[in-house]
Every structure is written in structure tokens, then in C-alpha cells.
2 protein chains.
Amino acid sequence: MSTCETCVVRNRAICAGLERDELALLNAIGRRRTVTAGESLIWEDDDSLLVANVIEGVLKLTTSTEDGREQIVGVAYPADFIGRPFGQTSRASVVALTDARVCVFSRNDFDRFAREHPELEHKLLERTLSELDRTRSWMMLLGRKNAAEKIATFLLEMSERLAETGCTPAFGPADRFALPFSRQQVADVLGLTIETVSRQFTRLKNEGVIDLPSRREVEILDRPALKALAG
Amino acid sequence: MSTCETCVVRNRAICAGLERDELALLNAIGRRRTVTAGESLIWEDDDSLLVANVIEGVLKLTTSTEDGREQIVGVAYPADFIGRPFGQTSRASVVALTDARVCVFSRNDFDRFAREHPELEHKLLERTLSELDRTRSWMMLLGRKNAAEKIATFLLEMSERLAETGCTPAFGPADRFALPFSRQQVADVLGLTIETVSRQFTRLKNEGVIDLPSRREVEILDRPALKALAG
DNA sequence: CGCCGATTTTGACATCCGTCAACGTCTGTC
DNA sequence: GACAGACGTTGACGGATGTCAAAATCGGCG
């Protein structure tokens, strides 16, 4: 029996909308995999022969310069699609931030299946267009916002995206959540250093805008203030 | 008779690969438009009901903060697709940098046509995936590169993209070209100020890496050096 | 050719953020 | 429960880039 049928992201991932028999075919070429926190799924510059759907967990997409500077260029949550179909190979690594479960396909298999199923390609197109929108608004942040605005924007986005994922079906953004990022990783998302991130966090805490119950937890105490700071 | 048939981007834009009769249908819902340099095609935050193919010229995609800071989040060249199909509206303005000719569609018409023509959707998907790759590598630049590296990377990218467009079919990157950007617009692409851009340009000129025959013209004299600086 | 406004360059200075270094605090293991 | 190592915080300082201001140059137009 198809494992797709019981998949938790069944209705949100790009496979949504496929017929029962199509799903069986897709299921035949894919396989489930777990990735432990810190483990790589795709390495920068290997001609990544994998694509995947995220079932559970959070993964980062990163690019690096030769001298070791890193930039996180995307974050994949459950139901998100990972990898670069159709011939091209993009220079980004994919690394799990939390333990994760993914549904992987060989790129060739996926390419072939996609071309034969326009409905799937359409879903992938919509998802890619949304991701491009999100990425472009992140360019604004990277190019034009200062450290305080970056941190505020980041916290607001986290509270929204983690809520979408959460068990409780989207009763607005979460006011309290566990960051899937270390301080260094937050820095790599925002184009800052770990020290600047730390200082901005404590500043927001001292001003009563947020609370930091533990290293990885954040509670938003004054959302309007945070929105004002985000610019 | 279909104007598509004589279109200069006929073989490169997303309409490539359509059959004669499909092209006639597409032609029926689209119309040619000219946009003069500086003119807007789409405004930020109006629920842009347009999508378009670029036939000729260069346009910028920008987002702005309330206090007027601007970031150029994309640049569209001939054969590129502009706009946001499928329901969502992205917050970006599209403004012509040079006089341009575009082929515009109402979004509803285009959406309907695309859904009925998987080959077109596939082309659009490939293009969107490439654009996402490009945008992500630009995030690296914005987040992690210093002013000198930004300028060097920018000049190299310009020399490649303008060569693709040029009349002479891609004999490698152009060593001499006319920038479609003012200094301010270069700054808006790179997340810098106009002063920093100007200083870096003159520094490269003094070091003999480039020449600046006029305000808008650039000649790359020492490409290896420029590549080394790009990091 | 000569003028005008826009654009670009250059300079002096300020500041935000990165760098380097020391210290503090978690978390897991024995 | 104590230790070790990773991770995070704090402080002092410097430098790259932004800001403000003025001068120079370009390009269009009479």
C-alpha cells in the first residue's frame, strides 16, 4: 500500500492533487529517508542528483565562499521541495537543522515523472514562484536593513513560519517558539556576525520586547514594537 | 498573421516550443507595448494584473521600505518573463531602465492559457528555477561580500548577461559594454551607497583593472584580476 | 559654443558593525 | 555532581562604509 496515502504533508506538498494511481507511481520512484540534525543531504557543487520533499523537520540551504564565509539562502520546512530539477545544478548545500524526514527521488526519475504530470509541475511552479517572492524580500533585508531591523524581521518571520508548521492549525503567528537555529545560523541567515546577533537579542530582551527563556526559545512580548523595529 | 512568428525572442522566451496554432491563441490574448526609460510597468503593491515577456530592453524589479530605501531585486533582459501569475501578488515594482518593448498579458488570460498548455508552464518553471538560483547567489553577495567584491562580481555578471543579449551570438562575455544602470541604480543592486560605488569604480580604474570611457561605459582590461577580486 | 541641471566624484567625518579576546553558561557524560 | 567542550555573551577597539557637503563633470539645449 502506498505510504504517500498516509503522508502528513500529503495535502500541502507538490504531490497534492495527484490521483491515486499517479501517487502509486510516484511512490514507486521515491523513498523515505531520515536525516539527523547537522547531516548533509546535498553538498555544494556536487551535481546533486537528488530532489526531495520535506516531510518533517527543518533544513537549511547554504552557499559558501572559498574562504569559508557562509550565507543561508533558504530554509525548507515540511511540505517544501528541495533540489534542482531539470538539468541545471545549483550551487547550494542542504543540511538538516533538526532531525528530519524527507521523501527523496533521483533527479532523473523525478524529471521524467514531472514532465508526464502537468498537475505536479504546476504545483512545483506555484511553490517556486512563492519561494522566489520570499527570497526577493529577503534581498531587501540583506541589502538595505540594519542589524536591529534584520533581527526584528527575522523573529517575526520565524513566528509565522513555525506556526504554519505547528500542530495547532494556524491560529495566527506563534508568540512563543523554539528556534531551529543556533546564534551562528541566525547570523548566517541575516548576513551578520554571531556577536551582533547576540547583542541585538539581549538589547530586545532588556527593552522588554522579547523574552529568551532558554538559548533556543523566544517569546514575543510586544509584537507591535517588534513590527515597528522591523521597518 | 501572428506577430509572434517574427518575434526576436521567439526561440528563447517561454513561448518557444508552442505549436503554430497555440502561438496564434497566445498572440490573441497578448499585446505589444513600448515602455520608455524610467517608466513603470508595474507598481509595488498594486495587485498587478499584468504579466509580460521582455522583447527588447532592460527593466528593474525593485522593492522599497516606507522610508524610501530601495533595493533592486531582479533585472529583466530580453526573453525574460515579468510578473506574478497564479493568484499571488508580489510586492515589487517593474521599471524600465532603457526604452523597452514588452509583450503583455492580463494575468487572468495568461493563467488560463498556461494551465491549458503544459509545455508553456514547463518553460516558465525552468525559467523560474534559474531565476531563483541567480537570486540566491545574489543573496550571498548581499549578505557576505564587501564593497570591492560586490563591484567586481557585478561587473563580471553584467559582462556576461549583456553578451547573451547582444547581436553577436555569445562569443563569451563582452569586455566592453554600456551599463544600463546609473551609479545610484548600481548601488541599489548591490546594497551600497552611490558614494561607495563611485569610489570603488575609480579605485578599479586607477589600478588598471577597468577603464571608464564614459559614465555609462565600462571596459574590462584585466579580467583575471577582476575575478580574483570578486572572491 | 556656452550655459544649466543632473549626475558623479571627491573629501572630511561619523557610526555601525566586525574583529579579537575574555568570560559566562549550558548540556551531556562519566 | 563535577568536568569538559560547545555555545553564547560581553567588552574594547578599529575599520569599512554611510552621511553630509562641496566641487567637478557630463550631456542636452538654446
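Each chain gets a letter, A, B and so on, in the order its sequence line appears, and its residues count up from 1.
- In terms of the side-chain hydrogen bond (donor to acceptor under 3.5 Å, both in side chains) criterion, residue partners of T196(B) (sequence neighbours excluded) are, by chain and number, T193(B).
- Residue pairs meeting the ring pair (Phe, Tyr, Trp, His ring centres under 6.0 Å) criterion with at least one member in residues 138-159 of chain B, sequence neighbours excluded, are F154(B)-F181(B).
- Taking the six-membered ring where the residue is Trp, the centroids of F105(A) and F81(A) are separated by 6.0 Å or more.
- Judged as a side chain to side chain contact (heavy atoms under 4.5 Å, CB included), and not counting sequence neighbours, the contacts of E149(B) are R69(A), K145(B), N146(B).
- Regarding D188(A), its CG atom lies at a distance of 12 Å from the P atom of dG18(C), rounded to whole Å.
- For N53(B), there are no side-chain hydrogen bond (donor to acceptor under 3.5 Å, both in side chains) partners at least two apart in sequence or on another chain.
- The residue among S214(A) and A148(A) whose nearest nucleotide of DNA chain C lies closer to the 5′ end is A148(A).
- Taking five base pairs at each end of the helix from dC1(C)-dG30(D) to dC30(C)-dG1(D) and finding the rotation axis that steps the C1' atoms of four pairs onto the next four gives two axes whose angle is 40°, to the nearest 10°.
- Considering only residues two or more places apart in sequence or on other chains, E56(A) meets the side chain to side chain contact (heavy atoms under 4.5 Å, CB included) condition with R101(A).
- By the side chain to side chain contact (heavy atoms under 4.5 Å, CB included) test, R134(A) is found to be paired with E131(A), E157(A), R161(A), residues two or more places apart in sequence or in another chain being considered.
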(request) Can you check each nucleotide of nucleotides 2-16 of chain C against protein heavy atoms at under 4.0 Å and return B for base, S for sugar-phosphate only, - for none, in 5' to 3' order? (result) -----BSBBBB----
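- Applying the side chain to side chain contact (heavy atoms under 4.5 Å, CB included) test to S106(A) and every residue at least two apart in sequence or in another chain returns N108(A), D109(A).
- Scanning for side-chain hydrogen bond (donor to acceptor under 3.5 Å, both in side chains) contacts around R91(A) gives an empty result, with sequence neighbours left out.
- Nucleotides of DNA chain D lying under 4.0 Å from heavy atoms of chain B occupy a range whose first and last members, 5' to 3', are dT17(D) to dC26(D).
- Every side-chain hydrogen bond (donor to acceptor under 3.5 Å, both in side chains) that Q200(A) has, sequence neighbours left out, goes to R203(A).
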